[in-house]
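Let me begin by presenting the structure, written as structure tokens, before commenting on it.
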Amino acid sequence: MTVQIWTYIIVALTFALYIGIAIWSRAGSTKEFYVAGGGVSPLANGMATAADWMSAASFISMAGLISFMGYDGSVYLMGWTGGYVLLALLLAPYLRKFGKFTVPDFIGERYYSKTARLVAVFCALLVSFTYVAGQMRGVGVVFSRFLEVDITSGVIIGMIIVLFYAVLGGMKGITYTQVAQYCVLIFAFMVPAIFISFQMTGNPIPQIGMGGKGADGMYLLEKLNGLSTELGFAEYTKGSRSKIDIFAMTAALMVGTAGLPHVIVRFFTVKKVRDARKSAGLALLLIAILYTAAPAVAVFARLNLIHTVSGQSYAQMPAWFSNWETTGLLGFNDKNGDGLIQYSADAMINELTVDRDIMVLANPEIANLPAWVIALVAAGGLAAALSTAAGLLLVISSSVSHDLVKSVFKPDITDKQELVVARLSAVGAVVVAGYFGINPPGFVAAVVALAFGLAAASFFPAIILGIFYKKMNKEGAIAGMIVGIGLMLFYMLKFKFGIFDGGKTAVTSLAKDWWFGISPEGFGFIAMIVNFVVSLTINAFTADPPEEVQEIVETIRIPSGAGEATH
């Protein structure tokens, strides 16, 4: 069977599975819609958290980034992995013990203020919409190639699917769908990695194969360094970013992880604080399978691309090349008219344009793997993008229905009415997410990195101080969140979109223009520090929080609280 037929079969089967689970586990109450009834097992929650965490950025874009950036791409691995450890150890158990549905709910109650809740809702919506734009873009990339539709149509198809099981099942449906999606995406990522590792090095373990020798007796990384320098690129294993930018980006991704509302909410779905810790540990192990293999996939993809394309005749390119050309994500411009593909770091000579987001998806085709493996990767990419998109859409809908309508504007709303509002909010969120998916501000991982920066700048200080500093008051927290998110937004708009910079963009704006030499993706770390400083300064000159709030903070930090959560 052809790749196309295999793709239709595997994608149809996985979508039928997701929809079937959504129907089976549809939410009948707001508690089931928001936190799956609070009765999810640690293993199921660990798998769902891993799927929620490993978005299109992890599955599709991260290895693609590393394949082009080399050493510099390691910031994504270090930041996202370290951030999850930080979240699991430092925040998850305490937030679970606090016993609220959402991050704005925690902030509104901890800081005894509707204003704090409203600011947190704004931040949650901003982070979630920025993040979900990357997921919908990932859906569009997969559909555009493997279902042979344009990216816009691909995004619309993805919107319909995710809308169905997110709106019908809420967190309950999403949780059990994500368990299935984890199985699909990890299988889809590892099978081609194992195939290609064995094909290139004779070793079926990708993590070991990356450091091994090819058929010619040369180490793969040594060969890649040589090919990269021949084409005018920097050595693959040497970085070009400044140390301060690498540090800031890694830190921003780490602390941004600990402030991501769609990941945090997962720890409210288990019965006990002990279960939150267990599911966090299990999720970390499940995530590590993909994250340790991603650098190997990046090396294999880069080597295969250079060998297959550079200096070769365009007329004799295999079918995969023209297939990706039709999506607009791969292009050849024969500048010298010789019919050969010149691939070079010199823009004046280079004739090949490659979207980084296609590397993982195209790699099995470039390596000439069986059709079913190529189709499996498509299903895995969709599973990764849709699982995270669903989690984000739930955050958006719960922020509107629970934190705005129920907690601020209409406290007497019934459970049934609140559920209706939550579902309508999810519909609106899908439409907005689809728009950003069709008109994304960059490749998937870059868009997602900005979301992490926004989360770091806004939520992380408020959550950390809220848990570990009982005298932190509402005035300090509110001021810190506003200043932090405002500063990050300004920097992002100025250096990523050129709005305050005379129309320049990240492409035309030189790195020398960045403050302290820090990129927009890393500036969330600086904005976070400013948030801490503003919060603590304002706190020092304003009244302490009420005694009952301080007692709650003391209670959630008691280590013995491994039983039922305190509500």
Only distances under 3.5 Å count here; give the side-chain donor-acceptor pairs of residues 362-371 to other protein atoms, sequence neighbours excluded, each with its distance to 0.1 Å.
| residue | atom | partner | partner atom | Å |
| --- | --- | --- | --- | --- |
| E365 | OE1 | R145 | NE | 3.4 |
| E365 | OE1 | W324 | NE1 | 2.8 |
| E365 | OE2 | R145 | NH2 | 2.5 |

Looking at [X] and [Y], would you say the former's side chain and the latter's main chain have a donor-acceptor pair under 3.5 Å?
X    : Y    : result
Y76  : I66  : no
T14  : V11  : yes
K213 : L220 : no
S74  : Y71  : yes

Open item on the list: Please determine whether side-chain hydrogen bond (donor to acceptor under 3.5 Å, both in side chains) holds for the pair S197 and N203, giving the CA-CA distance in whole Å, both sets of side-chain angles, and the decisive distance to 0.1 Å.
Closed with: CA-CA 6 Å; S197 180; N203 191 320; 5.0 Å; no

Counting heavy atoms not belonging to [X], are there more than 12 under 6.0 Å from its [atom1]?
X    : atom1 : result
Y8   : OH    : yes
K238 : NZ    : no
F332 : CZ    : yes

TODO: I would like to know whether N304 and I196 meet side-chain contact (heavy atoms from CB on, under 4.5 Å); could you show each step before the answer?
DONE: CA-CA 10 Å; N304 274 334; I196 298 173; 4.0 Å; yes

- [ ] Look at the rings of F490 and W515 and say which category their plane angle falls in: under 30° parallel, 30 to 60° tilted, over 60° perpendicular.
- [x]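 Tilted.
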
Task: ring-ring contact (aromatic ring centres under 6.0 Å, His included) contacts touching residues 190-236 (sequence neighbours left out) - done: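 Residue pairs with at least one partner in residues 190-236: F233-Y343.
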
Mind checking what makes side chain to side chain donor-acceptor pair (under 3.5 Å) contact with [X], not counting sequence neighbours?
X    : answer
T292 : Q207
E222 : none
N333 : none

Do you know which two heavy atoms are closest between [X] and [Y], and how far apart they sit?
X    : Y    : answer
M47  : C183 : CE-SG, 3.5 Å
T201 : G209 : CG2-O, 3.4 Å
L185 : G380 : CB-O, 3.7 Å
M359 : L305 : CE-CD2, 4.0 Å
N350 : K335 : O-NZ, 2.8 Å
V127 : A455 : CG2-N, 3.7 Å

Open item on the list: Counting C-beta onward and ignoring hydrogens, is there a side-chain heavy-atom pair between D216 and K223 closer than 4.5 Å?
Closed with: yes

Open item on the list: When you compare the side chain of M492 with that of L454, does any pair of heavy atoms fall below 4.5 Å?
Closed with: yes

Open item on the list: Using the rule given for side-chain hydrogen bond (donor to acceptor under 3.5 Å, both in side chains), can you reason through N225 versus T237, listing the C-alpha separation, both sets of side-chain angles and the distance that settles it, and then say yes or no?
Closed with: CA-CA 7 Å; N225 276 339; T237 54; 2.9 Å; yes

Open item on the list: Can you confirm if the aromatic rings of F525 and F247 lie within a centre distance of less than 6.0 Å?
Closed with: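 Judged by ring-centre distance (under 6.0 Å), F247 and F525 do meet the cut-off.
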
Task: Distance, nearest 0.5 Å, that separates CE of M488 from CG of L126 - done: 9.5 Å

- [ ] Hey, could you give me the CG/CD1 distance between L282 and I287, rounded to the nearest 0.5 Å?
- [x] 11.0 Å

Open item on the list: Filter on salt bridge (Lys or Arg N to Asp or Glu O under 4.0 Å), then keep only pairs touching residues 173-190, sequence neighbours left out; what's left?
Closed with: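 Pairs touching residues 173-190 that pass the test: none.
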
- [ ] Any chance you could lay out the side-chain contact (heavy atoms from CB on, under 4.5 Å) test for D338 and Y314, step after step, and finish with the verdict?
- [x] CA-CA 9 Å; D338 66 355; Y314 173 70; over 6 Å; no

Task: Identified side-chain contact (heavy atoms from CB on, under 4.5 Å) partner of Q342 from the options V309, L352, N336, D334 - done: N336

Task: side-chain contact (heavy atoms from CB on, under 4.5 Å) evaluation trace for I358 with D355 - done: CA-CA 6 Å; I358 77 168; D355 190 299; 4.1 Å; yes

